[in-house]
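So the structure is just underneath, and the comments pick up after that.
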Amino acid sequence: MPALRQPDGPVNPVIPGFHPDPSVCRVGDDYYLACSSFEYFPGVPLFHSRDLVHWTQIGNVLDRPEQLRLPASMPSSGGIYAPTLRHHDGRFWLIVTNCSEGGGNLIFTATDPAGPWSDPVRAPGVPGIDPDLAWDEDGVCWCTVAGVSQVRIDPSTGQTYGTPHRLWSGAPGAKAPEAPHLYRIGEYWYLLIAEGGTERCHGVSIARGRTPAGPFEPCPANPILTHRGTDRPVQNTGHADLVQGPDGSWWMVLLGVRPGGGTPGWHVLGRETFLAPVTWEDDWPVVGEVALDLPELPWPLSPGPAEEHRDDFDLAELRPYWISVRDRPAEHCTVKERPGWLTLRARGGSLDEPDAVFTGRRQRHPSCRARTLADAGEGSGGLAVRLDERHHYAIEASGTRVRVVARVGSLRTVVAEESVPAGPVVLAVTITRSPSPHGPCTGPDLVSLGVEQPDGTVVELASLDGRYLSTEVAGGFTGRVIGVYAATGVVHFDWFDYEPLDD
């Protein structure tokens, strides 16, 4: 099977596509990183690297219903927010907020980051979102949350001691002080936060103190990172975490977006994980450029195995990059019913429903192509580009007809329809980034949907403006996911192919 092309040198984002709120920890020569997952199951994708540049997904922390319950009543962009991943006393610890009803702040542990991870330990005394864990020299654990406040906690039981106390909330009047991470580095405890909101005004600020509970002195150069008011290709920079490289130098992982098109600029891949160098001056961190091309690194690169772009559904379980909306019960999504095929059994009526049977993978490249061989039988379903229930494009097969369906806000329409021979059909989506130069009203990309003929040519049924599947239009915190779905009955998929295209 062909593999996805890997860049020749180090590039940003280091984890492309909808992978926001990165949290990283180093264990010996290995690095592990976790991201938010919101309404998708399994939750909290987990990555491994040896060089901070090449990351391989090794699993998902929340991969069982006992760990992750996301009810159909929960809106899109609810669910799992902002994990913190740490290693302490021989174990991996992950604390995260489930923002759905009955959720709250939850703690998971594992000896092997690839899993299995424990069932959740609830921490009802921890308020708010974006929880962080840090241990002091006496083994006392401190949990710091958005706001920014802190409480002492026993992470093995979730028991808190005392009431949360306010630490420091960034620049006076700054919006949304959040994403706190607490570190002991040298003589100081450092409190790193995000502020300004996760949109164009996002930034990173830092303070330091002599104890983990403060008081904290703000850095005179705050914010130490922001791209607000600039024309840089990476925007919304924030929600960062610090880590040392293999040579002892310091680095920062953070989220950012790559807007495209004209005004106001649309980002469609979601918030992605970037890497930036950090130096120290007067015991304060100084963040280098968040560039699309990383500087030459002072250690050898260690590329992992190249990811295959085609999945023939020949394993006993879906690969870890496949995600579904809110849950994935075996009776609705399985690779075991028809060997070598993915079988989806509908339970809603369309992708507009919160319990839609959809499974897909994150769009990771501005220009790409996805294809699948669908056997709808007496059902209906197909290939879709999804942002949420109210924003998606799909090409759907039913009997001897295929149709393109577009949902934008409260509007849903059949854009095109075509007859096809009876039997399985190859459905295709091609996404092409808008070339520069462009006008002020140019969208970020075009989404073309069609049917592939036996000779490999694609008959295009519709080409749609990609701005309507962007965060700037839809709102929320996620990015595009390209995948397959069943609207009615049972639909089988023999293979799924995702391929980046040269820009």
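Nothing here was measured: the structure is a model prediction, and the numbers come from that model.
Looking only at atom types and distance, the side chain of S36 has a donor-acceptor partner in the side chain of D21 under 3.5 Å away. For the residue pair H492 and T343, a side-chain donor N or O sits within less than 3.5 Å of a side-chain acceptor on the partner. Between D445 and T432, the side chains place no donor N or O within less than 3.5 Å of an acceptor N or O (distance only, hydrogens not considered). Defined by atom type and a distance below 3.5 Å, a donor-acceptor pair is missing between the side-chain atoms of D132 and Y183.
A 4.5 Å side-chain heavy-atom check between P444 and H267 finds every atom pair outside the cut-off. Using a 4.5 Å heavy-atom threshold, the side chains of V53 and L297 count as touching. The closest side-chain heavy-atom distance from C333 to L342 is below 4.5 Å. Looking at Y485 and E396, their side chains come closer than 4.5 Å, going by heavy atoms from C-beta outward. Counting heavy atoms from C-beta outward, P366 and R258 have side chains that approach closer than 4.5 Å. The closest side-chain heavy-atom distance from W93 to T109 is below 4.5 Å. The side-chain heavy atoms of V268 and L469, taken from C-beta on, include no pair separated by under 4.5 Å. V44 places none of its side-chain heavy atoms less than 4.5 Å from the side chain of F108.
Remark: R362 qualifies as a cation-pi partner of F18 under the 6.0 Å distance and 45° angle criteria applied to the six-membered ring.
Distance alone, capped at 3.5 Å, is enough to place a donor-acceptor pair between the T359 side chain and the I323 backbone. Remark: side-chain polar atoms of D130 are not paired, donor with acceptor, to backbone N or O of E178 under 3.5 angstrom. In this structure, the side chain of Q67 engages the main chain of V61 through a donor-acceptor pair within 3.5 Å. Using modelled atom types, one side-chain atom of D154 and one backbone atom of S156 make a donor-acceptor pair closer than 3.5 Å. Remark: the backbone N or O of N236 is paired with a side-chain donor or acceptor of H202 at under 3.5 angstrom. Formation of a donor-acceptor pair under 3.5 Å by the T334 side chain with backbone atoms of K336 is found in this model. In this structure a side-chain-to-backbone donor-acceptor pair under 3.5 Å is missing from D63 to P42. Looking at D241, its side chain does come within 3.5 Å of a backbone N or O of V24 through a donor-acceptor pair. Between the R328 side chain and the A330 main chain, no donor and acceptor come within less than 3.5 Å of each other. Remark: the backbone N or O of V385 is not paired with any side-chain donor or acceptor of H392 at under 3.5 angstrom.
Looking at residues two or more places apart in sequence or on another chain, you find a ring-ring contact (aromatic ring centres under 6.0 Å, His included) between H19 and F47. Under the side-chain hydrogen bond (donor to acceptor under 3.5 Å, both in side chains) criterion, T160 pairs with no residue at all, not counting sequence neighbours. Every residue was checked against the side-chain hydrogen bond (donor to acceptor under 3.5 Å, both in side chains) condition with S77, not counting sequence neighbours, and none meets it. Partners of W55 by side-chain hydrogen bond (donor to acceptor under 3.5 Å, both in side chains), not counting sequence neighbours: none found. The salt bridge (Lys or Arg N to Asp or Glu O under 4.0 Å) search around D497 returns R371, not counting sequence neighbours.
L351 and A394 get closest at one heavy-atom pair: CD1-CB, 4.1 Å. The heavy-atom pair separating G256 from V234 by the smallest distance is CA-CG1, 4.2 Å. Considering all non-hydrogen atoms of both residues, L70 and S100 come closest at CD2-OG, 4.1 Å. Taking each heavy atom of A240 and L192 in turn, the nearest pair found is O-CD2, 3.6 Å. The nearest pair of heavy atoms linking P45 to N60 is CA-OD1, 3.4 Å. For the residue pair C141 and L133, the shortest heavy atom distance occurs at SG-CD2, 3.8 Å.
To the nearest 0.5 angstrom, H391 atom NE2 is 11.0 Å from D352 atom CG. Atom-to-atom distance recorded for D311:CG and F496:CZ is 9.0 Å, nearest 0.5 angstrom. F92 CZ to D112 CG: the interatomic distance, rounded to the nearest 0.5 Å, is 7.5 Å. Remark: T111 OG1 to H87 NE2 distance equals 9.0 Å, nearest 0.5 Å. In this structure, CG on L33 lies 8.0 Å from CG on L46, to the nearest 0.5 angstrom. For the atom pair SG (C368) and CD (Q363), the distance works out to 4.0 Å, reported to the nearest 0.5 Å.
A salt bridge links R361 to E307: at least one charged side-chain nitrogen sits closer than 4.0 Å to a carboxylate oxygen. Ion pairing between a basic and an acidic side chain is recognised when a charged N comes within 4.0 Å of a carboxylate O; R50 and D30 show such pairing. Taking 4.0 Å as the cut-off between side-chain N and carboxylate O, R326 and E389 count as a salt-bridged pair. Taking 4.0 Å as the cut-off between side-chain N and carboxylate O, R200 and E472 count as a salt-bridged pair.
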| query | Going through the distances and angles, do I80 and Y40 end up as a side-chain contact (heavy atoms from CB on, under 4.5 Å)? | reply | CA-CA 8 Å; I80 298 299; Y40 288 99; over 6 Å; no
| Derivation of the side chain to side chain donor-acceptor pair (under 3.5 Å) call for T488 and S380 | CA-CA 5 Å; T488 63; S380 62; 2.6 Å; yes
| query | Can you check side-chain contact (heavy atoms from CB on, under 4.5 Å) on T478 and D388, steps first, answer last? | reply | CA-CA 9 Å; T478 63; D388 59 27; 5.8 Å; no
| message | Under the criterion side-chain contact (heavy atoms from CB on, under 4.5 Å), I'd like the reasoning laid out for V287 against L254: C-alpha separation, chi angles, the key distance, then a yes or no. | response | CA-CA 11 Å; V287 185; L254 67 143; over 6 Å; no
| task | Apply side-chain contact (heavy atoms from CB on, under 4.5 Å) to the pair L301 and H54, showing each step before the final yes or no. | result | CA-CA 8 Å; L301 297 182; H54 300 93; 3.9 Å; yes
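In this structure, the ring of H48 has its center less than 6.0 angstrom from the ring center of Y32.
Taking the six-membered ring where the residue is Trp, F313 and W322 present tilted rings, their angle falling between 30° and 60°.
Under a cut-off of 6.0 angstrom, the local environment of CD in E101 is sparse, with at most 12 non-hydrogen atoms contributed by other residues, nucleotides or ligands.
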Identify every side-chain donor-acceptor pair in residues 10-17 under 3.5 Å, counting partners at least two apart or on other chains, and give the distances.
{"residue": "N12", "atom": "OD1", "partner": "L275", "partner atom": "N", "Å": "2.9"}
{"residue": "N12", "atom": "ND2", "partner": "L275", "partner atom": "O", "Å": "2.9"}
{"residue": "N12", "atom": "ND2", "partner": "A291", "partner atom": "O", "Å": "2.8"}

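When the options H309, H365, R369, R364 are evaluated for a side chain to side chain donor-acceptor pair (under 3.5 Å) with Y498, the one that passes is H365.
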